[in-house]
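Bear in mind the structure is a predicted one, so any value in this text is a computation, not a measurement.
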Amino acid sequence: MPHPYHERLNFKTELPLRVISHGTVGPKMVLPHWHRAVELAYAYRGQPGTVHIGRSTYHMLADHLYVINSEVVHSYETFLDEDNQIVTLLLPASWLRNAVADEQLPVWGPLDLDLQSAVYQPLAKAVQTLVAGVITPSSA
């Protein structure tokens, strides 16, 4: 297995959120890496593949959000097509710590959150709203 690399991310907006739509590229492997951002991998369609987070492995399912804490090594093995789709949301950990009171910060990941669960409905709506802005008609 390759040695994990540090992915340097630059956030230059007031709300430093990066939303990445991965499209329909077919097989896609993301090598082990880490960064100083909290990563939320949202499988919004199908079963796009596997995410490795630290020592945990998850087989991605539709309407699940995979939470990866800052500085945790993670990688992906996916197959992305019209039926299997992922969007990644990245928030810098330093901004998150300043924006949210310490007592309100949850223990971040690795977590597999089923956004169809009633308890996660407010989070599901927020994630789906963010994702709707980046999904192209061909990937919707």
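For His59 and His64, the ring centers sit 6.0 Å or farther from each other.
To the nearest 0.5 Å, atom CG of residue Leu91 and atom OG of residue Ser70 are 11.0 Å apart. Rounding to the nearest 0.5 Å gives a distance of 6.5 Å between OH of Tyr76 and NE2 of His33. In this structure, CG in Leu90 is found 5.5 Å from NE2 in His35, a value given to the nearest 0.5 Å. One distance of note links CG of Leu61 with CG of Leu115; it measures 11.5 Å at 0.5 Å rounding. Trp34 CH2 to Asn69 CG: the interatomic distance, rounded to the nearest 0.5 Å, is 12.5 Å. For the atom pair CD1 (Ile86) and NZ (Lys28), the distance works out to 8.0 Å, reported to the nearest 0.5 Å.
Under the 4.5 Å side-chain heavy-atom criterion for grouping Ile, Leu, Val, Met, Phe, Trp and Tyr, Val51 is not connected to Phe79 through any hydrophobic cluster.
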Go through the steps to decide whether Asn84 and Thr78 satisfy the test side chain to side chain contact (heavy atoms under 4.5 Å, CB included), and finish with yes or no. CA-CA 9 Å; Asn84 300 285; Thr78 60; over 6 Å; no

Given the rule in the side chain to side chain contact (heavy atoms under 4.5 Å, CB included) test, do Tyr42 and Thr88 qualify, once you have shown the distances and angles that lead to the verdict? CA-CA 6 Å; Tyr42 176 50; Thr88 301; over 6 Å; no

Do Leu80 and Val25 pass the side chain to side chain contact (heavy atoms under 4.5 Å, CB included) test, and can you show the C-alpha distance, the side-chain angles, and the key distance before you say yes or no? CA-CA 6 Å; Leu80 304 177; Val25 297; 4.1 Å; yes

Is there a side chain to side chain contact (heavy atoms under 4.5 Å, CB included) between Thr50 and Met60? Walk through the geometry before answering. CA-CA 6 Å; Thr50 303; Met60 301 177 89; over 6 Å; no

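Under the 4.5 Å side-chain criterion, counting only non-hydrogen atoms from C-beta, Leu123 is in contact with Leu113. Val73 has its side chain out of reach of Arg55: every pair of non-hydrogen atoms, C-beta onward, lies at least 4.5 Å apart. Within the 4.5 Å cutoff, no side-chain heavy atoms of Ile68 are placed close to those of Val38.
The salt bridge (charged side-chain N to carboxylate O under 4.0 Å, His left out) contacts involving residues 70-80 comprise Arg36-Glu71, where partners must be two or more places apart or lie in separate chains.
Qualifying ring pair (Phe, Tyr, Trp, His ring centres under 6.0 Å) partners for Tyr66, counting only residues two or more places apart in sequence or in other chains: Tyr58. For Asp83, there are no side-chain hydrogen bond (donor to acceptor under 3.5 Å, both in side chains) partners, not counting sequence neighbours.
No side-chain N or O of Ser75 forms a donor-acceptor pair with one of His52 less than 3.5 Å apart. A donor-acceptor contact closer than 3.5 angstrom is absent between the side chains of His22 and Gln85.
Shown here for Val67 and Ile53, the closest heavy-atom pair between the two residues is O-CD1, 4.1 Å.
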